[in-house]
Amino acid sequence: MAELPKRYDPTSVEPKWYQRWMENRDFIADTKSSKPAFSIVMPPPNVTGVLTLGHVLGDTIQDILCRRARMQGFEVLWLPGMDHAGIGTQTAVEKHLRRTENKTRHDLGREEFLRRVLEWQDKHGGIIIEQLKRLGCSCDWSRQRYTLDDAYAAAVRKAFVDLYNQRLIYRGRRMVNWDPVALSAISDEEVVSKPQIGKLYFVRYEIVEEPERFLEVATTRPETIMADTAMAFHPGDKRYLDLLGKHAWRPLAREKIPIVADEAIDPEFGTGILKVTPAHDAVDFEIGERHNLPVIDVLDADGRINCPAEPQLDLLDRFKAREKAAELLQGRGALAKTEPYENNVGFSDRSDVPIEPRISEQWFLRYPKTEEALALVRDHLIRFFPAHWEKVYAQWLENIRDWCISRQVWWGHRVPAWYRKSQMGNSKSQRGADIYVGIEPPSDPENWIQDQDTLDTWFSSWLWAYETMDDETRKKFYPTSVLVTGPDIIFFWVARMIIAALEFDPGKTEKIEDNIPFHHVFFTSIIRDKLGRKMSKSLGNSPDPLDLIDKYGADGLRFGLMRIAPTGQDIRFDEKQIEEGRNFATKLWNVARFRQMHGPSEPAPAIDEHALSIYAVQVLARLNETIDQIEAAYRDYQFNAVAQRLYEFVWSDYCDWFVEAAKTEIFGTDESRKKTALAVMDLVLSATLRLLHPFMPHLTEELWSLMTFGKDSIQFATPPEKLALDGVNDIPGNCKLAGAIYDTVQAGRNLRSESKLPSNKKMRFILRTNDNTISAEIPTVARLLTAEELVVDRGYQPSPGTPVAITPLGEMFLPVAVVDRERERERLDREIVKVEGELRIVEAKLKNSSFVDRAPAAVVEQHRQRLSALTAELAKLKQAHEALT
RNA sequence: GCGCGGUUAGCUCAGUGGUAGAGCACUACCUUGACACGGUAGGGGUCAGAGGUUCGAACCCUCUACCGCGCACCA
């Protein structure tokens with residue numbers, strides 16, 4: 001048998017296995033299968049996106065869940081796909097167009113522009129799919145979907161038409177969040193507020209009826225003064241009561257405007273006077289409606305001033321206009337003062353510019369089934385992990401507002417509404433003969449013009465949980481088992497998917513539990529950099545996962561990331577942690593390599609339980625515990641705990657202790673003992689590989705194959721079960737002895753190290769003990785100590801100054817090191833102080849009658865045992881100390 | 001303003017009432033028949049602060065401080 005190389009080489013192994021899995025169609029879900037179903041729909045990445053660490057995290061988690069389910073005997077569907085990402089993709093193409101041809105989309109026209117987007121998509125699209133394959137994702141690629149697939153697009157239109165017919169979707173002229181860069185309306189959820197340092201301008205408005213009397217108004221937006229159509233104060237504000245019904249002179253685009261009283265004004269803020277600008281502020285718009293104020297719009301769609309009445313401001317950008325307006329006011333004596341001011345400004349999530357409240361004609365959805373959606377999560381028909389997101393979800397639903405679903409972009413699902421040509425421009429009449437809303441275009445298209453707008457991308461992705469499945473697939477795999485996604489899209493996507501499922505009833509029966517989109521939602525962490533900042537392209541702090549895969553292997557990346565991904569908290573990413581993942585892969589590789597050097601493995605190792613060494617019993621007991629702990633961690637989606645436990649088990653329990661101890665037998669002459677030791681190695685290795693497979697699919701598959709643990713792929717091997725170990729009498733006794741030996745070994749090693757002796761020098765140790773049960777273990781203890789010899793001598797009398805350690809098995813001496821009495825005395829002093837300290841604490845506790853009476857008996861007993869052990873240890877230490885003087 | 005997280009070793013983080021833990025980093029020794037991407041040993045913590053509950057608190061309760069996030073307000 002060829003010896004394995006010293007290091008695992010993921011670059012050749014990983015692609016090899018992925019290709020084989022694909023050839024074997026291992027990831028393809030069978031709707032005819034009699035196995036129970038397990039399904040996940042992948043949150044679709046943007047079609048032209050590339051893999052980020054966020055994807056690596058989410059998709060690794062999904063892969064882990066799917067691979068584990070496959071091993072557990074489920075028929076697994078992991079359904080992948082991509083999102084057309086309306087505004088996002090369009091913006092990218094527009095940017096490219098401006099850079100390369102210095103053109104806007106309007107220069108090209110809708111048809112040509114869309115052709116360019118498709119070109120762009122052909123060139124840059126789907127890269128992420130190949131990258132997911134490098135990560136090892138076990139998706140059913142035969143079912144890959146795209147939000148612009150014909151069938152999917154038809155489903156989106158159908159959803160629109162259904163909701164329209166129920167009058168849940170309506171068209172209206174309303175105040176929306178306007179993105180002046182994307183030139184589109186956006187939803188409330190796409191607005192993020194950021195604190196901005198600006199100025200508060202105090203502007204004087206002269207009272208028309210009382211010349212020389214002025215009203216002072218505090219505003220952050222002097223550039224919208226031309227759109228003021230009233231002044232307002234709180235009806236209870238006595239300072240201004242006498243002005244009610246009078247008028248003020250608007251200082252820019254000079255005009256008389258009425259003074260009104262409205263409850264919406266906070267008398268505490270500024271001067272207690274508000275300038276009412278219905279066209280450019282949501283609150284002002286409402287005030288305007290209450291007082292029948294005219295609406296004057298002085299801003300163009302791109303954020304420039306449109307006000308010929310003030311030529312110096314006309315056509316200026318809104319921010320330049322702000323300064324200019326202040327100048328003009330100053331010149332007209334209308335600016336009382338300015339103060340520095342910090343306030344929150346709504347920014348477009350997409351363009352990162354301040355949004356403009358703007359009145360425009362848009363399509364809106366009045367959310368259906370919000371009560372039901374709330375109840376579903378509250379009553380745990382859908383469970384969130386971590387559960388605290390339930391509150392965030394509830395808060396949103398309780399304050400839900402209509403969703404602006406139309407976008408003034410070209411790339412996306414076009415609104416399936418047509419207007420009769422003769423009626424164009426008459427937007428007041430929404431229903432009836434002049435508008436047609438349907439899944440297919442009207443039968444006489446020449447007489448109609450389709451709505452220019454497209455739908456919010458999320459209006460298509462909210463159907464993702466089931467419109468990605470054909471009927472047969474849906475019958476077997478819907479509702480999905482779990483959704484894995486980031487908490488940042490809990491409103492955008494998770495909540496809306498729940499609402500869509502409730503509204504459209506995609507399930508096989510009417511029952512609500514057959515219609516929910518998923519049973520569980522696991523919210524992943526958000527990955528930040530070492531300094532706690534969000535990963536972003538502009539900061540350049542986002543490592544390319546492909547580079548990490550090249551450097552550390554996909555398995556190293558996966559394992560390293562999973563081990564540090566806590567539930568419910570952000571992750572601080574550090575490449576060191578990925579390096580640890582890679583190192584762990586090497587460790588596992590090498591222990592397998594060691595095993596392989598001693599002959600072929602047993603696929604199904606038969607062990608004679610009566611012949612097991614205490615070390616074997618101990619490691620098998622630890623394996624049992626590990627299986628339990630992992631099971632519990634999976635139940636709560638604690639992937640980091642699973643990874644950490646496996647790491648400790650492999651590295652510490654198995655490699656550092658069991659394998660090292662078993663070398664006595666492996667290198668020994670007793671063939672039967674050797675065979676047993678190797679069989680235990682195989683047993684544990686085989687179990688470990690299966691436990692690790694979901695995290696490190698390639699490496700475990702490679703080792704599974706090299707070690708010939710199974711004829712078939714490890715993917716479908718059953719998970720290891722706990723061993724009963726019925727043939728072992730006194731399992732705890734075995735474990736205890738093994739533990740005592742390990743403690744003794746550590747004490748002996750410490751003695752050597754404290755005595756400043758090189759760690760590789762073969763030493764002679766002497767153990768003074770009355771215990772006869774360990775005589776068989778002497779060679780192993782000696783090996784673990786790197787001792788030349790370990791002598792058991794019950795009557796040993798050390799020469800003064802011989803270093804001694806008190807161990808669970810007796811006193812360990814290191815005679816060679818009799819060098820310096822003074823130093824040994826100091827060392828013993830330190831030990832004595834330590835033991836005395838602990839002894840005092842335990843003693844005090846046991847003297848406390850409250851403790852003895854009220855603490856559980858087992859705890860008290862534990863303390864008693866500890867007390868006697870400490871007392872004995874202290875006596876021996878003192879004895880050794882006296883011998884020195 | 002309302003709500004949700006967090007504060008434990010230099011760093012990243014585990015730790016649901018019974019002697020404070022891991023990895024990295026650090027120090028010392030070691031290429032000893034799997035592994036230097038390794039082995040062995042070691043140093044390093046008033047568990048943010050204050051009060052309370054309890055025989056006993058990192059852990060449960062209350063308050064405070066600081067950090068992060070969401071929602072609302074934002075003239």
May I ask you to verify if any side-chain N or O of [X] is less than 4.0 angstrom from the OP1 or OP2 atom of [N]?
| X | N | answer |
| --- | --- | --- |
| A/Q395 | B/rC4 | no |
| A/N583 | B/rG38 | yes |
| A/K587 | B/rC35 | no |
| A/R593 | B/rA34 | no |
| A/K847 | B/rC55 | no |
| A/K576 | B/rC24 | no |
| A/R401 | B/rA72 | yes |
| A/N760 | B/rU31 | yes |
| A/N343 | B/rC73 | no |
| A/R572 | B/rU12 | yes |

Under a 3.5 Å limit for both distances, which nucleotide forms a Watson-Crick or G-U wobble pair with [N], could you say?
| N | answer |
| --- | --- |
| B/rU46 | none |
| B/rC4 | B/rG68 |
| B/rC60 | B/rG52 |

Classify [X] by what it touches in the nucleic acid, base, sugar-phosphate, or nothing, heavy-atom distance under 4.0 Å.
| X | result |
| --- | --- |
| A/I564 | nothing |
| A/N344 | base |
| A/E838 | base |
| A/Y8 | nothing |
| A/F202 | nothing |
| A/K663 | base |
| A/R7 | base |

Let's see if you can work this out: which of [options] has an atom nearest to the side-chain heavy atoms of [X]?
| X | options | value |
| --- | --- | --- |
| A/D656 | B/rA34, B/rG39, B/rG42 | B/rG39 |
| A/V591 | B/rC55, B/rA34, B/rC74 | B/rA34 |
| A/V859 | B/rG18, B/rA36, B/rC37 | B/rG18 |
| A/R854 | B/rG33, B/rG70, B/rU54 | B/rU54 |
| A/R866 | B/rU19, B/rG39, B/rC55 | B/rU19 |
| A/W651 | B/rG38, B/rG33, B/rC55 | B/rG38 |
| A/H388 | B/rU40, B/rC35, B/rC4 | B/rC4 |
| A/M597 | B/rC55, B/rA34, B/rG70 | B/rA34 |
| A/K6 | B/rG18, B/rA36, B/rC73 | B/rA36 |
| A/K845 | B/rG18, B/rC35, B/rC37 | B/rG18 |

Using the [atom1] atom as the point on both nucleotides, what is the distance between [M] and [N], in whole Å?
| N | M | atom1 | value |
| --- | --- | --- | --- |
| B/rA28 | B/rA20 | C1' | 25 Å |
| B/rG42 | B/rA25 | C1' | 14 Å |
| B/rA9 | B/rG70 | P | 27 Å |
| B/rA58 | B/rU46 | C1' | 12 Å |
| B/rC4 | B/rU53 | P | 26 Å |
| B/rG5 | B/rG10 | C1' | 25 Å |
| B/rC55 | B/rA22 | P | 32 Å |
| B/rA65 | B/rA72 | P | 25 Å |

For [X] and [N], what is the distance between atoms [atom1] and [atom2] respectively, to the nearest whole Å?
| X | N | atom1 | atom2 | answer |
| --- | --- | --- | --- | --- |
| A/I490 | B/rC69 | CD1 | P | 17 Å |
| A/L561 | B/rC24 | CG | P | 18 Å |
| A/E579 | B/rC35 | CD | C1' | 15 Å |

When you measure from the side chain of [X] to the backbone of [Y], do you find a donor-acceptor pair of N or O atoms at a distance under 3.5 Å?
| X | Y | answer |
| --- | --- | --- |
| A/S525 | A/I527 | no |
| A/E14 | A/D555 | yes |
| A/R496 | A/F492 | yes |
| A/N344 | A/S193 | no |

So is [X] actually on top of [Y]'s ring, under 6.0 Å and inside 45° of the axis?
| X | Y | result |
| --- | --- | --- |
| A/R558 | A/F695 | no |
| A/K587 | A/Y647 | no |
| A/K199 | A/Y341 | no |

- Item | pair A/P235-A/E263: side-chain heavy atoms closer than 4.5 Å | yes

- Given that A/Q746 and A/H863 both sit by RNA chain B, which one's nearest nucleotide is further toward the 5' end? A/H863

- Query: Nearest nucleotide by nearest heavy atom, which residue falls closer to the 5' end of RNA chain B, A/K275 or A/S753?
  - Reply: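 The residue whose closest nucleotide sits nearer the 5' end is A/S753.
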
- Message: Checking ring pair (Phe, Tyr, Trp, His ring centres under 6.0 Å) between A/F384 and each of A/F522, A/Y393, A/W389, which is the one that passes?
- Response: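 Of all the options given, the one that passes is A/Y393.
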
- Spell out yes or no: do the side chain of A/R783 and the base of B/rG33 have one donor N/O and one acceptor N/O closer than 3.5 Å? yes

